[in-house]
Amino acid sequence: TMKKLLNLCLLCSLQVLFLVGCSNSTGINVVSPNGILQTQVVLDPTKHQLMYDLSFVSKDGNKMNILESSPLGLLYDEEDFSSGVKIKSISSVTEVVDSYRLYAGKTSDVNTKGNAFTVTLENENKKNLLVHFRVYDDGLAFQYEIPGEGTARIYSEETAFSVVKDVKGKAWIHPSRNPHMGFCVGS
């Protein structure tokens, strides 16, 4: 069988040691045990649209939003998952460990550790869309999965990344990387 997958990744270069999740029928809040990264996935109560945000919490307890509440959603074939949806289920958070080899870059062998959870959406036609989330030690990623076999024609992808306007001059660059290609770090 062929699964239809649309990969969308959002990588935030943050150090996160491990994630814990609290969920209910309207959303899930996932927090790292050391309290550095907080992400929340919720259903907007007026638009019935899946939303997510991302925050950084410093060691002194100050919380700084990185991504404001941002929409997730797809329109494919005759199905609309951009609004008018409900959360059918939220899986428990499970640990994931991945290892792979890069053929170019500063490190050739990469080992990642993070947590995964899945939000299953149901639209007005009683069709499902799965949104798989993974939060690694150095980032957040998500992927849409259209259940079933065959192909699907995607007409619109409603995902947004609402970066906070006032980030106070911070640059989110992985500590082992040097800025390049005109990237300027300052405060």
Side-chain angles (χ1 to χ4, degrees), residues 4-58 61-76 79-96 114-147 154-168 170 172:
K4 298 166 251 170
L5 296 176
L6 175 64
N7 290 317
L8 292 173
C9 293
L10 167 65
L11 296 176
C12 300
S13 296
L14 300 173
Q15 297 302 313
V16 180
L17 297 178
F18 186 76
L19 295 174
V20 192
C22 300
S23 71
N24 59 38
S25 62
T26 60
I28 184 169
N29 187 34
V30 180
V31 182
S32 65
N34 62 4
I36 289 179
L37 183 66
Q38 295 181 357
T39 186
Q40 185 176 28
V41 179
V42 298
L43 192 64
D44 180 293
T46 56
K47 296 180 184 177
H48 299 282
Q49 181 177 35
L50 194 65
M51 309 289 285
Y52 75 102
D53 64 26
L54 186 66
S55 299
F56 175 80
V57 179
S58 65
N62 292 325
K63 184 175 178 179
M64 180 173 47
N65 292 333
I66 300 168
L67 295 175
E68 296 174 337
S69 188
S70 304
L72 296 164
L74 279 182
L75 282 85
Y76 70 91
E79 306 303 332
D80 184 352
F81 287 93
S82 64
S83 62
V85 300
K86 68 178 188 176
I87 294 176
K88 186 174 180 180
S89 66
I90 301 173
S91 73
S92 59
V93 178
T94 59
E95 184 178 77
V96 292
N115 286 330
F117 65 95
T118 300
V119 176
T120 302
L121 297 177
E122 183 178 87
N123 70 2
E124 294 169 347
N125 296 333
K126 305 290 185 201
K127 299 289 184 179
N128 293 335
L129 176 70
L130 284 69
V131 187
H132 303 286
F133 291 86
R134 286 190 174 194
V135 184
Y136 294 97
D137 290 342
D138 61 353
L140 168 68
F142 54 88
Q143 167 186 5
Y144 294 113
E145 178 185 348
I146 301 168
I154 297 171
Y155 293 103
S156 181
E157 198 253 316
E158 302 298 317
T159 304
F161 308 101
S162 301
V163 178
V164 174
K165 291 177 186 173
D166 183 17
V167 189
K168 308 244 190 259
K170 300 285 183 187
W172 300 100

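The residues of the chain are indexed from 1 along the displayed sequence. Just so it is clear, the values below take in all heavy atoms, side chains as well, and ignore hydrogens, waters and symmetry mates.
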Taking the inter-plane angle between the rings of Phe117 and Phe133 on a 0 to 90° scale, is it parallel (under 30°), tilted (30 to 60°) or perpendicular (over 60°)? parallel
Once rounded to the nearest 0.5 Å, what's the spacing between atom [atom1] of [X] and atom [atom2] of [Y]?
X      : Y      : atom1 : atom2 : answer
Leu72  : Leu50  : CG    : CG    : 5.0 Å
Arg134 : Glu95  : CZ    : CD    : 11.5 Å
Lys127 : Lys88  : NZ    : NZ    : 11.0 Å
Thr159 : Leu74  : OG1   : CG    : 6.5 Å
His132 : Gln143 : NE2   : CD    : 5.5 Å

Search all heavy atoms of [X] against all heavy atoms of [Y] and return the closest pair with its distance.
X      : Y      : value
Val85  : Leu43  : O-CD2, 3.6 Å
Phe81  : Leu121 : CE2-O, 3.9 Å
Asn65  : Ser55  : OD1-OG, 2.9 Å
Glu68  : Ser70  : O-OG, 2.7 Å
Ser69  : Ser162 : O-OG, 3.9 Å
Pro147 : Asn128 : CD-O, 3.3 Å

Counting N and O atoms only, with roles assigned by atom type, does the side chain of Ser156 sit under 3.5 Å from a partner on the main chain of Leu75, one being a donor and the other an acceptor? no
Strictly distance-based, threshold 3.5 Å: is any side-chain N or O of Gln49 a donor or acceptor partner for the main-chain N or O of Ser82? yes
Does [X] reach the side chain of [Y], with side-chain heavy atoms less than 4.5 Å apart?
X     : Y      : value
Val42 : Asp53  : no
Ile87 : Thr120 : no
Met51 : Pro71  : yes

Side chain to side chain contact (heavy atoms under 4.5 Å, CB included) evaluation trace for Val163 with Ile66: CA-CA 6 Å; Val163 178; Ile66 300 168; 5.8 Å; no
Residues in side chain to side chain contact (heavy atoms under 4.5 Å, CB included) contact with Thr94, at least two apart in sequence or another chain: Ser92, Ala116
Run the side chain to side chain contact (heavy atoms under 4.5 Å, CB included) check on Asn123 and Leu129 step by step: do they pass? CA-CA 8 Å; Asn123 70 2; Leu129 176 70; over 6 Å; no
With Lys63 via salt bridge (charged side-chain N to carboxylate O under 4.0 Å, His left out) - residues at least two apart: none
